[in-house]
Amino acid sequence: MNLQRVDLNLLVHLDVLLREKNVTRAAEQLGITQPAMSNILRRLRKLFNDPLLVRSSEGMTPTERALELQPRIREILADLTQVLEPRTEFRPYSTSRVFRIMTSDYAEATLVPKLVKALRSEAPNVILDFLTPSDVSYRDMEQGRVDLAINRFNEIPQSFHQVLVWRDTFSCLLASESPYANRFNLKNYLKAQHVWVSKTGMGVGFGVNPEKSGGLGSIDQALQRLGQKRQISVFTRHYQMPAMLAANKDLIATLPTRVARMQANNDSIMMKEPPFFIPEFELTMAWSPLLQHHPAHRWLRQLIMHVARQVVADEESQEQEIPTINHLF
């Protein structure tokens, strides 16, 4: 193929077509007419010798070749953007850039306070706009409308870049006067009433179904593998609530250890290891390939990872500390 005869704008059009899976919407995105978009699709089909999008009962469906091309086209366009953008030095201390970050409530409770503290000295004029998972779609991220997502992801588009922030385990919070405090075993765990807390999925959330314990997350899935099921009395999406609720003598909150450690800070609440095995989970940072090479974005990612490593290091040093006894002679 003679590359000199290939219109690189076709790659931009293909990217939008594969994202929208609709000729009319793609035309609207690009600011051209629907007939013009249809003509571009014909040219693309000829260029790649493949239908790319075919009609089905669900609308336009990408072919296998199109699905193979999509992440590669995204990478090519991101690289072209980097090449064509003027090189400017990023100065964190003077920038007033707005960063939009989707964070789960868990990430807000454990990572964000440390991040904001670091930013106050590194980049005091930066503006942070934190969004919830319900505010954001993968499409928003893909188009670069959201800078980052920091969350627990069950799945994520292959075209996205991602990095592990940290891993965490689970712990239980219960009242110090709980009847189960001294004999915290699986039998008594199952006797108690429980607080369920989670909101990790992308997009608008809906009410949970207490009967479908397998869909309630890793804690209930771990119990299901044992042939057991806990009795959940309260469902919440906010990690601020469990400690207050766990003050009730008959309630137990099972939640990530970093959150539990922050909330078990008074004599009325105690923290216990779960009386059964729950796999640890991963907190991940993900972003669009469109932002991969942007200097400001790269700086923010590096700062977040530095803060995360510091959080983990501080915890490990606290766990390893052995109190010394001073003997008076």
Side-chain angles (χ1 to χ4, degrees), residues 102-113 130-136 150-154 168-283:
M102 187 285 280
T103 57
S104 62
D105 198 60
Y106 165 77
E108 277 200 353
T110 55
L111 177 66
V112 167
F130 289 107
L131 307 169
T132 70
S134 297
D135 297 326
V136 176
I150 306 175
N151 202 354
R152 286 186 278 165
F153 296 101
N154 293 325
D168 201 357
T169 58
F170 287 89
S171 294
C172 298
L173 292 181
L174 61 159
S176 300
E177 299 180 1
S178 168
Y180 314 113
N182 294 326
R183 297 191 63 188
F184 194 63
N185 51 36
L186 180 58
K187 181 179 178 180
N188 285 334
Y189 183 93
L190 297 172
K191 278 185 181 179
Q193 298 291 318
H194 292 266
V195 179
W196 178 96
V197 53
S198 182
K199 178 64 179 86
T200 59
M202 299 282 281
V204 178
F206 295 92
V208 296
N209 184 346
E211 300 302 318
K212 296 183 178 179
S213 58
L216 295 179
S218 51
I219 299 166
D220 295 280
Q221 288 167 5
L223 282 170
Q224 194 175 53
R225 286 191 287 272
L226 297 175
Q228 302 293 343
K229 181 180 177 182
R230 60 177 174 166
Q231 304 174 71
I232 302 173
S233 295
V234 181
F235 291 85
T236 179
R237 279 77 177 164
H238 302 285
Y239 281 106
Q240 297 92 329
M241 289 183 64
M244 294 183 288
L245 297 174
N248 293 279
K249 294 180 183 179
D250 63 335
L251 283 177
I252 295 174
T254 307
L255 62 163
T257 299
R258 285 191 174 90
V259 177
R261 193 178 289 126
M262 293 166 56
Q263 298 194 11
N265 55 4
N266 61 72
D267 294 337
S268 64
I269 297 292
M270 63 191 313
M271 192 168 108
K272 297 271 193 180
E273 287 189 14
F276 59 99
F277 173 72
I278 308 173
E280 64 181 11
F281 66 88
E282 297 182 345
L283 183 68

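Every value quoted in this text rests on a predicted model; they were computed, and no experiment measured them.
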Asks: Can you pull the ring-ring contact (aromatic ring centres under 6.0 Å, His included) pairs that have at least one residue in residues 243-278, sequence neighbours excluded?
Replies: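 Matches after skipping sequence neighbours: Tyr189-Phe276.
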
Asks: What heavy-atom pair brings Pro256 and Asp168 nearest, and what distance separates the two atoms?
Replies: CB-OD2, 3.6 Å

Asks: Nearest 0.5 Å, what's the CG-CG distance between Leu245 and Leu173?
Replies: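 Interatomic distance, Leu245 CG to Leu173 CG, rounded to 0.5 Å: 10.5 Å.
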
Asks: Would you check if the side chain of Asp135 reaches a backbone N or O of Thr132 as a donor-acceptor pair within less than 3.5 Å?
Replies: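 At least one qualifying donor-acceptor pair exists.
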
Asks: Among all residues two or more places apart in sequence or in another chain, which pass the salt bridge (charged side-chain N to carboxylate O under 4.0 Å, His left out) test with Glu273?
Replies: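 In terms of salt bridge (charged side-chain N to carboxylate O under 4.0 Å, His left out), with neighbours along the sequence ignored, Glu273 is linked to no residue.
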
Asks: Output the distance between atom CG (Leu131) and atom CD (Glu108), rounded to the nearest 0.5 Å.
Replies: 9.5 Å

Asks: Please list all pairs meeting salt bridge (Lys or Arg N to Asp or Glu O under 4.0 Å) that have one or both residues in residues 181-191, counting only residues at least two apart or in different chains.
Replies: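 Pairs touching residues 181-191 that pass the test: none.
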
Asks: I'd like to check the side chain to side chain contact (heavy atoms under 4.5 Å, CB included) partners of Ser171; sequence neighbours left out, ordered by chain and number.
Replies: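 Ser171: side chain to side chain contact (heavy atoms under 4.5 Å, CB included) contacts with Thr257, Ala260, Met271.
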
Asks: So do the side chains of Ile232 and Asp220 get within less than 4.5 Å of each other, counting heavy atoms only?
Replies: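 Ile232 reaches Asp220 side chain to side chain.
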
Asks: Applying salt bridge (Lys or Arg N to Asp or Glu O under 4.0 Å) as the test, list every pair that has at least one member in residues 263-272; sequence neighbours left out.
Replies: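 Qualifying pairs: none.
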
Asks: Name all residues meeting the side-chain hydrogen bond (donor to acceptor under 3.5 Å, both in side chains) criterion together with Gln263; count only those two or more places apart in sequence or in a different chain, and write none if there are none.
Replies: none

Asks: Rounded to the nearest 0.5 Å, what separates atom CG in Leu174 from atom CD1 in Ile269?
Replies: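 With rounding to 0.5 Å, CG (Leu174) is 7.5 Å from CD1 (Ile269).
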
Asks: Ala175: which residues meet the side chain to side chain contact (heavy atoms under 4.5 Å, CB included) condition with it, sequence neighbours left out?
Replies: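 Scan of Ala175 (side chain to side chain contact (heavy atoms under 4.5 Å, CB included), adjacent residues dropped) gives Ser178.
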
Asks: If only atom types and distance count, is the side chain of Gln224 paired as donor or acceptor with the main-chain N or O of Lys229 below 3.5 Å?
Replies: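 No, the answer is negative, given that no donor and acceptor are paired below the 3.5 Å cut-off.
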
Asks: Look up atom CG in Leu111 and atom OG1 in Thr103, then write down how far apart they are to the nearest 0.5 Å.
Replies: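 Those atoms lie 8.5 Å apart.
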
Asks: Apply side-chain contact (heavy atoms from CB on, under 4.5 Å) to the pair Ile219 and Leu255, showing each step before the final yes or no.
Replies: CA-CA 9 Å; Ile219 299 166; Leu255 62 163; over 6 Å; no

Asks: How would you list all residue pairs meeting salt bridge (Lys or Arg N to Asp or Glu O under 4.0 Å) that involve residues 239-253, not counting sequence neighbours?
Replies: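 Sorted pair list: Glu177-Lys249.
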
Asks: Keeping the roles fixed (side chain from Asn151, backbone from Pro133), state whether a donor-acceptor pair exists under 3.5 Å.
Replies: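 No.
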
Asks: Using the ring-ring contact (aromatic ring centres under 6.0 Å, His included) rule, collect all pairs that involve residues 243-275, keeping only residues at least two apart or in two chains.
Replies: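 Pairs touching residues 243-275 that pass the test: none.
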
Asks: Using side-chain hydrogen bond (donor to acceptor under 3.5 Å, both in side chains) as the criterion, list what pairs up with Ser233, not counting sequence neighbours.
Replies: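 Ser233 satisfies side-chain hydrogen bond (donor to acceptor under 3.5 Å, both in side chains) with Gln193 only.
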
Asks: Does the side chain of Ile278 reach to within under 4.5 Å of the side chain of Thr254, using non-hydrogen atoms?
Replies: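 Sidechains of Thr254 and Ile278: in contact.
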
Asks: Could you tell me the separation between the OH atom of Tyr180 and the CG atom of Leu190, rounded to the nearest 0.5 Å?
Replies: 10.5 Å

Asks: Please round to the nearest 0.5 Å and tell me the distance separating atom CZ of Phe153 and atom CG of Leu283.
Replies: 8.5 Å

Asks: With Ser176, which residues qualify under side chain to side chain contact (heavy atoms under 4.5 Å, CB included), at least two apart?
Replies: Met270

Asks: Go through the steps for Phe184 and Cys172 under the test side-chain contact (heavy atoms from CB on, under 4.5 Å), then give the verdict.
Replies: CA-CA 10 Å; Phe184 194 63; Cys172 298; 3.7 Å; yes

